[in-house]
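All heavy atoms count here, side chains included; hydrogens, waters and symmetry mates do not.
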2 protein chains.
Amino acid sequence: MDTGDRLLTPGEVAALFRVDPKTVTRWAAAGRIGSIRTPGGHRRFRESEVRALLEGEGMLDEVDDMGKPRNAGPAASTGPGPANAGMY
Amino acid sequence: MDTGDRLLTPGEVAALFRVDPKTVTRWAAAGRIGSIRTPGGHRRFRESEVRALLEGEGMLDEVDDMGKPRNAGPAASTGPGPANAGMY
DNA sequence: CCCCATTAGGGTAATTCGGGAA
DNA sequence: GGTGTCCGAATTACCCTAATGG
């Protein structure tokens, strides 16, 4: 099923994370986030991947104690998946 | 669905509370406030949650319960949003 | 074809992180 | 128990100009 592979621009991702578009570009350059390059060299990011990152991206299954239930995280799409997470 | 709240940087939250950014970081580490991490490891806080904390609406019960929990809710994480405990 | 907003790239300053000690 | 400050290191933000996208 479609994971919602809508492509987002660096500016969109930057607004979601409250960071500078340049920072998003740096993440892609560092391989922290999957990126698709246009023939011209510009980057595009997958909406599903960005969303997973925002939510805490976890492959951890965790339920809420209050509020509403939340379905499991979406399967990775075409990216290398959980390439790297947590490296400081 | 979307809370539609902006994300604040530790410095912003620190200025709101008149405390050190380091203190805000400790609150997040202690799970007293929800936090979203950037792929780089930096923290972002929800404007709505910070506002609620400033108003004092975050916790309606902070009486003596250090030894016997009553029903004060098991320390939700992000509050209105999906729970996600940061950890890396 | 031209127009305008956004993005890429490099470089430098400011902020944040993490742990430890006051 | 909680907060403010120190340190080194990493990450992020803003400066610029040129190219890409629509």
Side-chain angles (χ1 to χ4, degrees), chain A residues 5-58 60 79-80 82-88, chain B residues 5-47 49-56 58-70 72-78 84-88:
Chain A
D5 301 47
R6 190 167 43 145
L7 294 175
L8 300 178
T9 60
E12 288 282 49
V13 181
L16 260 38
F17 278 94
R18 215 328 192 157
V19 294
D20 204 89
K22 213 55 132 215
T23 302
V24 180
T25 297
R26 199 173 296 108
W27 294 342
R32 288 192 166 108
I33 181 173
S35 58
I36 299 182
R37 306 266 282 190
T38 65
H42 285 201
R43 279 172 248 244
R44 285 289 127 79
F45 304 93
R46 296 206 178 267
E47 208 257 352
S48 53
E49 190 173 349
V50 173
R51 232 163 157 175
L53 255 37
L54 274 172
E55 287 291 323
E57 178 205 3
L60 300 169
N84 46 38
M87 164 199 133
Y88 195 91
Chain B
D5 44 44
R6 298 168 299 191
L7 294 173
L8 300 177
T9 60
E12 288 281 280
V13 181
L16 260 36
F17 280 95
R18 285 293 235 153
V19 294
D20 232 69
K22 191 75 169 184
T23 302
V24 179
T25 297
R26 285 199 181 117
W27 293 345
R32 292 196 230 213
I33 181 171
S35 59
I36 297 193
R37 309 277 286 231
T38 64
H42 283 203
R43 278 178 253 248
R44 292 280 121 92
F45 304 93
R46 295 203 178 264
E47 208 266 349
E49 190 173 347
V50 172
R51 227 164 168 180
L53 255 24
L54 280 169
E55 292 286 322
M59 30 183 66
L60 300 157
D61 127 323
E62 47 181 294
V63 292
D64 49 284
D65 68 80
M66 50 174 72
K68 181 166 85 96
R70 208 109 220 275
S77 310
T78 336
N84 52 335
M87 168 263 176
Y88 76 88

- prompt: So does Arg43(B) get a side-chain nitrogen or oxygen closer than 4.0 Å to the phosphate oxygens (OP1/OP2) of dT16(C)?
  reply: no
Enumerate all atom pairs, one protein N or O and one N or O from nucleotides 14-19 of chain D, separated by less than 3.5 Å.
| residue | atom | partner | partner atom | Å |
| --- | --- | --- | --- | --- |
| dC14(D) | OP2 | Asp20(A) | OD1 | 3.3 |

task: Kindly say whether the aromatic ring centers of Trp27(A) and Phe45(A) come within a distance under 6.0 Å.
output: no
message: Return whichever of Thr38(A) or Val19(A) has its heavy-atom-nearest nucleotide of DNA chain D closer to the 5' end.
response: Val19(A)
message: Taking 4.0 Å as the cut-off, does a side-chain nitrogen or oxygen of Thr23(A) come that near to OP1 or OP2 on dT11(D)?
response: no
query: Is there a donor-acceptor contact under 3.5 Å from the side chain of Arg44(A) to the main chain of Leu7(A)?
result: no
Spacing of Thr9(A) atom OG1 and Arg43(A) atom CZ [to the nearest 0.5 Å]: 13.0 Å
message: Run the salt bridge (charged side-chain N to carboxylate O under 4.0 Å, His left out) test against Glu47(B) and tell me which residues pass, sequence neighbours left out.
response: Arg6(B), Arg51(B)
task: Look at the side chain of Trp27(A) and decide which nucleotide, out of dC17(C), dT12(D), dT11(D), has an atom nearest to it.
output: dT12(D)
- prompt: Hey, are the side chains of Ile33(A) and Glu49(A) touching, using non-hydrogen atoms and a 4.5 Å cut-off?
  reply: yes
- line: Contacts of Thr25(B) and Gly11(A) projected onto DNA chain C by closest heavy atom; the upstream (5') one is Gly11(A)
message: If I take atom CZ in residue Phe45(A) and atom C1' in nucleotide dT6(C), what distance separates them, rounded to the nearest angstrom?
response: 13 Å
task: Could you check how far CG of Leu7(B) sits from C1' of dA13(D), rounded to whole Å?
output: 16 Å
field: Nucleotide opposite dG2(D) in a Watson-Crick or G-U pair, distances under 3.5 Å
entry: none
field: Greater than 12 external heavy atoms within 6.0 Å of Arg37(A)'s CZ
entry: yes
Atom-to-atom span, CD of Glu12(A) to C1' of dT7(C) - whole angstrom: 14 Å
query: In whole Å, what is the span from the CZ atom of Arg44(B) to the P atom of dT15(C)?
result: 13 Å
query: Say you draw a straight line from CG of Leu16(B) to CG of Leu8(B); how long is it, rounded to the nearest 0.5 Å?
result: 7.0 Å
Partner nucleotide of dC1(C) by Watson-Crick or wobble geometry (both distances under 3.5 Å): none
